Amino acid sequence: MKASEYQWLADWMHAKGVAFWGVADLSGLGTSCDETGETFPSAIAWVTPMNTRIMASISSGPNQAYADEYASVNRNINSAALALESDLRMRGLRALALAASKRTDPVNLKGDFPHKTA
């Protein structure tokens, strides 16, 4: 993305209530491919906080409240990612929303691209 394209993205993130986000350079990382087989040169990443009360409750390990919060946050991430993908494509940019916590390799328990890398 060009620097001039970041303002609409900053506005988009602000409208979604996202305080912390960034664009990562993925050069040489071997990312997922689009429908033409071309990899992506960058990724957009953002922070989605978990409920602090629930996080404090897992000192002895995950519980049902944590599992429910985790699922809810992932649904919100996925919804926002799909909306952002759509907006990027409407602007003529290539985009691929990767679902949070989706394992596409069940043997090695990993997805197409780890969000934490971005």
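Just so you know, these numbers use all the heavy atoms, side chains as well, and skip hydrogens, waters and symmetry mates. Everything quoted here is computed from the prediction, not taken from an experiment.
Listed by chain and residue number, S72 satisfy the side-chain contact (heavy atoms from CB on, under 4.5 Å) test with N76 (two or more places apart in sequence, or in another chain).
Using a 4.5 Å cut-off on side-chain heavy atoms (C-beta onward), K16 and S79 make no contact. Under the 4.5 Å side-chain criterion, counting only non-hydrogen atoms from C-beta, W46 is in contact with L84. The shortest distance between side-chain heavy atoms of N63 and I58 falls below 4.5 Å.
For the atom pair NE2 (H14) and CG (D11), the distance works out to 8.0 Å, reported to the nearest 0.5 Å. Taken from CG in L93 to CD in E85, the straight-line distance is 11.5 Å, to the nearest 0.5 Å. To the nearest 0.5 Å, the span separating CG on L98 from CG on L82 amounts to 10.0 Å. Considering CE of M13 and CH2 of W8, their distance stands at 8.0 Å, rounded to 0.5 Å. L9 contributes atom CG, which lies 9.5 Å from atom CG of D87 (distance to the nearest 0.5 angstrom).
A pairwise comparison of heavy atoms in A81 and A97 identifies O-CB, 3.5 Å as the closest pair. Smallest separation of non-hydrogen atoms from R94 and T39: NH2-O, 2.8 Å. Heavy-atom minimum distance, S42 versus V23: CB-CG1, 4.1 Å. N78 and A100 make their closest contact through OD1-N, 2.7 Å (heavy atoms, listed as atom of the first residue, atom of the second, distance). Closest approach of V47 to P49, counting heavy atoms only: O-CD, 3.8 Å.
Remark: the backbone N or O of I54 is not paired with any side-chain donor or acceptor of E69 at under 3.5 angstrom.
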